Amino acid sequence: MVPEKFLKAYNPASTEGRIYKKWEESGFFNPDALPGKRPKPFTIIMPPPNVTGVLHMGHALMLTIEDVLIRFKRMRGFKALWLPGTDHAAIATQARVEKNLSKEEKKSRFDLGREEFLRRVEAFAAQSHDSIVNQVRAMGASCDWSREAYTLDERRHHAVYTVFKMMYDDGLIYRGNRIVNWDPKGGTTISDDEIVYEERAAKFVTFKYSKEFPIPVATTRLETKVGDTAVAVHPDDARYKKYIGKEYDLVFCEVPLHVRVVGDSAVDPSFGTGAVGVTPAHSQTDAEIALRHDLPSIQVIDERARMIPEGLLRGKKVLEAREMIYEWLKKEELLLGEEEIKQSVATAERTGSVIEPLPKLQWWIGVDRPIKARGGKTLKELMRAPVEEGTIEILPDHFKKVYYHWIDNLRDWCISRQIWYGHRIPVWYRGEEIYCAAEAPKGGGWEQDSDTLDTWFSSGLWTFSTLGWPEKTKDLELYHPTDVLETGYDILFFWVARMILMSEYTLGEIPFRAVYLHGMVRDGKGQKMSKSIGNILDPIHVAEEFGADAARMALVVGNTPGTDFRISNDKIRSYKLFSNKLWNIARFLLEQADGLKLEAPLSEKDAEYLSQFKALAEDITLDIDAFRLHLASEKLYQYLWSVFASDILEESKPVLKGEDPTLRTSRQAMLFRIFSDSLKLLHPFMPFVSEEIWESMPEGIKTEKLLMVEPWPI
RNA sequence: GCGCGCUUAGCUCAGUUGGUAGAGCAACCCGUUUACACCGGGUAGGUCGCAGGUUCGAGUCCUGCAGCGCGCACCA
C-alpha cells in the first residue's frame with residue numbers, strides 16, 4: 001500500500017527535475033491548454049533577467065512570488081499566463097563582453113569592429129540565456145515557455161521601432177544638444193537614473209582668476225574653470241552689483257578667458273563667495289544660467305575625461321589638471337582659501353566611473369510636452385494619473401509617494417547610447433536631411449544613426465511587446481492589461497514608471513493593475529550580497545542542497561513587500577525539514593489507508609477538525625488574494641506541523657488502532673480530506689514535494705492528472 | 001535641504017480593520033518500543049525606541065523627540 005519511496009527520507013534532488021519535466025510535458029504552463037472553461041485571464045509578465053550571467057537570490061524571490069500567484073490563480077480556475085523572457089541589458093552585457101575581451105585578448109571593441117563585436121556579444125548572450133532559463137526551471141517556475149520573449153528579438157525590435165516612430169512623429173522624441181551624463185569609461189551617455197551618488201571628500205578652493213579680476217569664486221572642480229565664460233552674482237548683492245555687465249579678458253593657467261559678470265537670482269549670496277564661476281559646457285545648472293544670459297559655451301574636457309585647451313593642460317587627465325591649476329594658483333598668489341568638504345560625486349552605475357557632464361547632441365524624450373492623441377496631457381501626467389486614481393495599485397502603499405516625488409523631479413529622458421549592443425536608433429541622415437523609419441528611405445547616401453537606445457526603452461514596452469503588439473493579436477486583447485507586476489523596489493523608476501509611461505502613451509491603457517514591490521535580499525548578517533564579500537547564496541546551489549521548495553518557503557515566509565529581508569542557510573534548512581515532515585505525514589497516512597471511504601460520515605469531533613481546517617483554508621485564500629503571502633505560508637507551516645502532525649495525528653493513533661470501526665472510518669476520512677486539501681493549499685508555495693506526494697494519494701482524491709491543475713479547495 | 005521607512009524575545013522578523021503579545025533560529029532540560037532523530041515532549045526569555053494624546057481599551061490611530069536605514073535634490 002505504501003509506495004517504497006516513502007521508506008526513505010524525502011530527497012528533493014532526485015525528485016524536482018522529474019516533477020518539472022512532468023509539468024512541462026503536460027502543457028499546462030500554456031493557458032490555452034488548461035482544462036475547463038476558464039473565462040477569466042490572469043496575467044503576469046516576468047521581469048526579464050539580464051543575460052549577463054547567473055540568477056541571484058533576488059531573481060529567486062521574484063520567481064517564487066510570481067509562481068505562487070500564478071499557481072494559485074491557475075488552481076482557482078483562471079486562464080493563468082505567466083510569460084517569461086530575458087533582457088539584453090545593453091550596457092551591462094556589452095561591458096561584460098568588453099571586460100572579457102580586454103582580459104583574454106587585450107583588445108577593445110574598436111579593434112574588432114562593430115559587426116564582429118556584436119557577434120561576440122550575441123554568442124555570450126545566447127550562452128548566458130540558456131543557463132538562466134535552466135535556473136528559472138530549477139526554481140519550479142510554471143511559466144509558459146512557448147511564449148518566451150527577448151527584449152532584442154525580431155518582434156520586440158518591431159515594437160521598439162514602431163513606438164519610436166510614433167513618439168518622433170508626435171514630437172516627443174527630439175534631438176538636442178545639451179549637457180549629458182557622460183561615462184568616460186563606458187564611452188557613452190547615461191540617463192539620470194543610472195547615476196549613483198557617492199560621498200567623497202573634496203577640496204573646496206576659493207581663488208581669483210587673476211590679480212585684476214575683482215570677484216573671488218570658489219569651486220571643487222578647478223579643471224573646469226578654464227571653460228568659464230562668466231561669473232554670476234545675485235543681482236541684489238551689494239558687494240558685486242557694480243560689476244554686473246562688465247567684461248574681462250584674462251589668462252588663466254595659460255588659457256585665455258573672456259569672462260562677463262552677470263546678475264542671476266539663482267545664485268545664493270550666502271554660499272561660498274556669493275559668486276559663481278559659470279562653466280556652461282560642464283555643468284547642468286551653469287548651462288541654464290548661460291541660456292538666460294546668452295553666454296558662449298566652451299568645452300574643455302573631452303570624452304576620455306582629458307583636457308582640451310592648448311598649453312600646459314592639454315591632454316592631462318581631469319584630476320591631474322585640477323592639481324596643476326591648484327599649484328599654479330598658489331604660485332601666482334591667487335589662492336585665497338581652501339576647505340575640506342564632503343561632496344556627493346556622480347558615478348556611473350555600471351562602470352563606477354565618475355560622470356563628466358559634457359555637451360552632446362543626443363536623442364531625448366520630452367516628458368513635459370503635450371500629446372495631442374492623449375488630450376494634450378504630458379508623459380508626466382500620463383504616468384501620474386493611474387496611480388493617483390487608483391487604477392494601478394502599488395504595494396506597499398507608501399511607494400506611491402516615492403513615485404510622485406520622482407515624477408516631480410523628472411527631467412527629459414536621454415535615450416541614445418554610444419554603445420553597439422541594443423536597438424539601433426531608427427533615424428537616417430543624408431547631409432542636412434533627417435528621416436525616421438526602420439528602413440533607409442529610397443535613394444542612396446543615407447546613413448543610420450550609429451547610436452543605440454537605452455535598454456529601458458525596450459523594457460518599457462515589455463507588457464505589450466511580449467503579447468505581440470503592434471500586431472492586433474488575440475493574446476494582446478485577452479491578456480492586457482496584465483494583472484500583477486512583481487519586481488524589486490530598486491527599479492520602480494527605471495522600469496515600473498517607464499512601463500506606465502509607454503503603455504499609457506502607446507495603448508492608452510494601464511500596463512498592469514497591481515505592482516508588488518519586493519525588498520532586497522540580504523545575507524544572514526544583513527549585508528548586501530556581493531561577490532567581493534563572498535556572501536552570495538546561489539539559489540541553484542541552495543536548491544540542490546535543500547530543494548527548491550525549501551528555498552521558496554524561506555524566501556516567502558515572513559517577507560513583507562517593500563522590506564529588505566535576510567536569508568541564511570539555517571532558515572532554508574528549516575524548510576527542508578518541513579518537506580520531510582510532510583513526507584512522513586504522507587507515509588503515516590498511507591499506512592492507515594486501508595478501507596478508506598472519503599465520504600464516510602464524520603463524528604462530531606472529526607467534523608470539528610474539518611471545520612477548523614476549512615476556516616484556515618478560507619483565511620489563507622483571502623491572504624493570497626490580498627498578496628499576504630508571508631502570512632499564508634506561515635499559517636500553513638504552523639498548521640501542518642504543530643496542529644495537524646503534532647496534535648491531530650498523535651490524537652488519532654489510538655482511534656485508528658481502536659475497536660470502533662465507525663470512529664475509525666470517520667477519522668480516516670477526516671485525515672485524508674484535510675491532508676489532501678492541505679497539499680492543494682501548499683502547492684503554490686512548495687510545488688515539488690506537494691506534487692510528488694499527490695502522485696501517491698489514493699484514488700478518489702484526484703480529479704485531474706496533476707496537482708497543479710486540481711481545483712482550489714475553497 | 002525635501003521625502004520615505006524602520007525601532008516588538010539573545011538573533012531574524014510576523015502581528016491584515018485597535019480587543020488577553022507570536023513564529024523561526026539560537027539556548028537549557030528530558031526523551032530513541034518507529035509516521036518522522038531531517039524527530040518528540042518541556043523550560044526560560046518582551047514595561048512592543050522615548051514622551052505625550054485620542055479611546056472603555058493602543059504594538060496597532062494622532063503629535064513631538066531620538067537612533068538607524070534608504071530615495072531624491074543640491075553641491076559655485
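Small disclaimer: the values here were computed from a predicted structure and weren't measured. The figures here come from the full heavy-atom set of this structure, side chains too, leaving out hydrogens, waters and symmetry mates.
Taking only side-chain atoms of His405(A), from C-beta outward, the nucleotide of rU16(B), rG3(B), rG40(B) with the closest atom is rG3(B). The nucleotide whose nearest atom lies closest to any side-chain atom of Glu650(A) is, among rC36(B), rG71(B), rC74(B), rC36(B). In this structure, the nucleotide among rG24(B), rC72(B), rU16(B) sitting nearest to the side chain of Asp623(A) is rU16(B). When distances run from any side-chain atom of Trp641(A) to the nucleotides rC39(B), rC74(B), rC38(B), the shortest one goes to rC39(B). Relative to the side chain of Gln638(A), the nucleotides rA23(B), rG41(B), rC74(B) differ in distance, and rA23(B) lies closest. Of the candidates rC74(B), rC75(B), rU16(B), rC75(B) carries the atom nearest the Gln343(A) side chain, counting heavy atoms from C-beta on. When distances run from any side-chain atom of Leu631(A) to the nucleotides rG71(B), rC25(B), rU16(B), the shortest one goes to rU16(B). Candidate nucleotides rC72(B), rC4(B), rG40(B) were compared by shortest atom distance to the side chain of Asn409(A), and rC72(B) ranks first. Set against rG71(B), rA35(B), rG24(B), the side chain of Ile585(A) has rA35(B) as its closest nucleotide.
As judged by a 4.0 angstrom heavy-atom cut-off over every strand, Gly272(A) is placed among residues making no nucleic acid contact. Using a 4.0 Å heavy-atom cutoff across all strands shown, Thr560(A) reaches sugar-phosphate atoms only and no base atom. Within 4.0 Å of Thr285(A), counting heavy atoms only, lie sugar-phosphate atoms of the nucleic acid but no base atom. At a threshold of 4.0 angstrom between heavy atoms, the contacts of Lys581(A) include nucleobase atoms, whether or not backbone atoms are also involved. Looking at heavy-atom distances under 4.0 Å, Thr273(A) makes no contact with the nucleic acid at all. Within 4.0 Å (heavy atoms only), Phe204(A) reaches sugar-phosphate atoms of the nucleic acid but no base atom. Ala275(A) comes within 4.0 angstrom of a base, heavy atoms only. Among the protein residues, Lys653(A) comes within range of the nucleic acid bases, having at least one heavy atom under 4.0 Å from a base atom. Within the nucleic acid shown, Asp286(A) has no heavy atom closer than 4.0 Å to any nucleic acid atom. Leu649(A) comes within contact range of at least one nucleobase, with a heavy-atom separation under 4.0 Å. Val267(A) comes within contact range of at least one nucleobase, with a heavy-atom separation under 4.0 Å. In this structure, Ser579(A) reaches neither bases nor backbone, as no heavy-atom distance under 4.0 Å exists between it and the strands shown. Using a 4.0 Å heavy-atom distance criterion, Phe399(A) is classed as making no nucleic acid contact. Within 4.0 Å (heavy atoms only), Lys635(A) reaches at least one base atom of the nucleic acid.
rG5(B) sits 11 Å from rC62(B) when the P atoms are compared, rounded to a whole Å. The gap from the P atom of rU7(B) to that of rU60(B) amounts to 11 Å, rounded to the nearest Å. Straight-line distance between the C1' atoms of rG10(B) and rA26(B): roughly 8 Å, to the nearest whole Å. Using atom C1' as the reference point in both rG22(B) and rC56(B), the two lie 26 Å apart (nearest Å). Rounded to whole Å, the separation between the P atoms of rC25(B) and rA21(B) comes to 24 Å. Straight-line distance between the C1' atoms of rA58(B) and rG15(B): roughly 14 Å, to the nearest whole Å. On the P atoms, rC6(B) is 33 Å away from rA44(B), given to the nearest whole Å. Comparing rC68(B) with rU8(B), their C1' atoms sit 16 Å apart, to the nearest whole Å.
Ring orientation note: the planes of Phe494(A) and Trp456(A) are close to parallel, at an angle under 30° on the 30°/60° scale.
Remark: rU60(B) base-pairs with no nucleotide in the shown strands. Criterion, Watson-Crick or G-U wobble with two distances under 3.5 Å. Base-pair partner of rU33(B): not found among the strands shown (Watson-Crick or G-U wobble, both distances under 3.5 Å). Pair assignment for rC48(B) gives none, since no Watson-Crick or G-U wobble pairing has each distance under 3.5 Å. Nucleotide rG22(B): paired with rC13(B) (Watson-Crick or G-U wobble, both distances less than 3.5 Å). Remark: rC4(B) base-pairs with rG69(B). Criterion, Watson-Crick or G-U wobble with two distances under 3.5 Å. The pairing partner recorded for rA27(B) is rU43(B), the criterion being a Watson-Crick or G-U wobble arrangement whose two distances lie under 3.5 angstrom.
Side-chain to base pairing of Ser344(A) with rC75(B): one donor and one acceptor N or O lie within less than 3.5 Å of each other. At a cut-off of 3.5 angstrom, counting only N and O atoms as typed in the model, there is no donor on one side facing an acceptor on the other between the side-chain of Arg566(A) and the base of rU12(B).
Mapping Arg628(A) and Tyr10(A) onto RNA chain B by nearest heavy atom places Arg628(A) at the nucleotide closer to the 5' end. Looking at which nucleotide of RNA chain B each of Asp570(A) and His398(A) is closest to, the 5′-most match is held by His398(A).
Remark: Asp193(A) engages Arg498(A) in a salt bridge, criterion side-chain N to carboxylate O under 4.0 Å. Salt-bridge formation is detected for the pair Arg76(A)/Asp625(A): a Lys NZ or Arg NE/NH1/NH2 atom is positioned less than 4.0 Å from an Asp or Glu carboxylate oxygen. Between Glu695(A) and Lys5(A) there is a salt bridge, since a side-chain N of the basic residue sits under 4.0 Å from a carboxylate O of the acidic one. Between Glu223(A) and Arg221(A), at least one side-chain nitrogen of the basic residue sits less than 4.0 Å from a carboxylate oxygen of the acidic one, meeting the salt-bridge criterion. Under 4.0 Å is where a charged nitrogen must lie from a carboxylate oxygen, and between Arg384(A) and Asp408(A) at least one such pair does. At a threshold of 4.0 Å, the pair Glu591(A)-Arg587(A) counts as salt-bridged, since one of the basic side-chain nitrogens sits closer than that to a carboxylate oxygen.
In summary, the aromatic rings of Tyr489(A) and Tyr403(A) are positioned with their centroids too far apart to meet the 6.0 Å limit.
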